[in-house]
Amino acid sequence: MVIQAPVMPLGISLCLLSALTLSLLPMVGVSISAEENGTLENMQVILIVLACVVPLYHAWKTVNPAARHLLLTTALLPFSFFFREVEIKDLDVPKWLIYVGSGLPNQLIVGALWLSVLISIFIVAESILHKWWRYLCHQPTGYLLFGCFVCLLGAGFVEKGDIAVANPLYVEESTELIGYCLLLLAACNANRAARKATSVTVL
């Protein structure tokens with residue numbers, strides 16, 4: 001999946017449309033659950049899963065190691081967010097999955113994956129760092145990821161009460177949903193961005 005339309009205008013339009021829709025729904029009497037495991041959180045999980053699967057698919061198809069590194073790391077980001085939004089212990093899954101998917105074991109697994117990314121960057125620093133720079137700073141994927149982080153950071157401030165708003169739970173979850181929309185857009189454009197960043201054709 002590669003977005004052919006201009007990604008930044010599409011991303012901005014999607015954010016504005018999402019924000020406008022989510023802000024107007026309560027005013028017209030439409031109730032959307034922002035509670036734990038409610039409608040907004042379930043929508044977030046769907047976006048996160050898609051944002052993980054898309055770059056994984058392209059990483060599996062590519063024959064370019066540098067592009068594969070960029071794509072796998074892009075997939076690792078929503079993989080990490082998945083455990084932030086989903087309480088594995090509340091699901092009807094095997095006990096071993098609950099054990100590795102929550103608490104300290106999960107943190108160790110995710111931390112080890114990110115550590116392996118950092119180690120691989122340092123090992124091949126000369127050949128990969130400038131590609132990461134091109135990937136994040138000269139491609140729409142980088143800008144979309146930045147927008148995602150801004151949304152999640154804002155949602156965190158709302159959750160902690162640092163930003164006073166009416167109905168903070170709804171605002172927090174809505175802002176996160178917009179952030180994950182940007183994350184999915186970044187994932188959909190990741191293959192194209194990785195191809196340009198590495199300047200080698202990927203399948």
Measuring from Leu47:CG to Phe81:CZ, what's the distance to the nearest 0.5 Å?
12.5 Å
Among Leu72, Thr74, Leu71, side-chain contact (heavy atoms from CB on, under 4.5 Å) partner for His58:
Leu71
Please say yes or no: joined through hydrophobic side-chain contacts below 4.5 Å, possibly via intermediate residues, are Ile46 and Val49 part of one cluster?
yes
Ring geometry between Phe83 and Phe79 (parallel below 30°, tilted from 30 to 60°, perpendicular above 60°)
perpendicular
What distance separates Thr73 OG1 from Leu77 CG, expressed to the nearest 0.5 Å?
9.5 Å
Nearest 0.5 angstrom please: Leu182 CG to Thr141 OG1, how far?
11.5 Å
Would you confirm whether Gln44, through its side chain, and Glu173, through its main-chain N or O, come within 3.5 Å as a donor-acceptor pair?
yes
Tightest non-hydrogen contact, residues Ala75 and Leu56, listed as CB-CG, 3.7 Å
With hydrophobic residues grouped by side-chain heavy-atom distances under 4.5 Å, do Phe149 and Phe82 end up in a single group?
yes
Hey, which of Thr175, Leu50, Leu152 is the one that makes side-chain contact (heavy atoms from CB on, under 4.5 Å) with Tyr180?
Leu152
Given side chains that start at C-beta, do those of Leu145 and Leu183 come closer than 4.5 Å, heavy atoms only?
yes
Atom CZ of Arg68 and atom CG of Leu70: how far apart are they, to the nearest 0.5 Å?
11.5 Å
As an exercise, state the distance from CG of Leu76 to SG of Cys52, rounded to the nearest 0.5 Å.
8.0 Å
Can you tell me if CH2 on Trp114 sees more than 12 non-hydrogen neighbours from other groups inside 6.0 Å?
yes
With a 3.5 Å distance limit and no angle check, can you tell me whether Thr62 reaches the backbone of Ala59 through a side-chain donor-acceptor pair?
no
Distance in Å, Cys148 SG paired with Glu176 CD, rounded so as to fall on 0.5 Å steps
9.5 Å
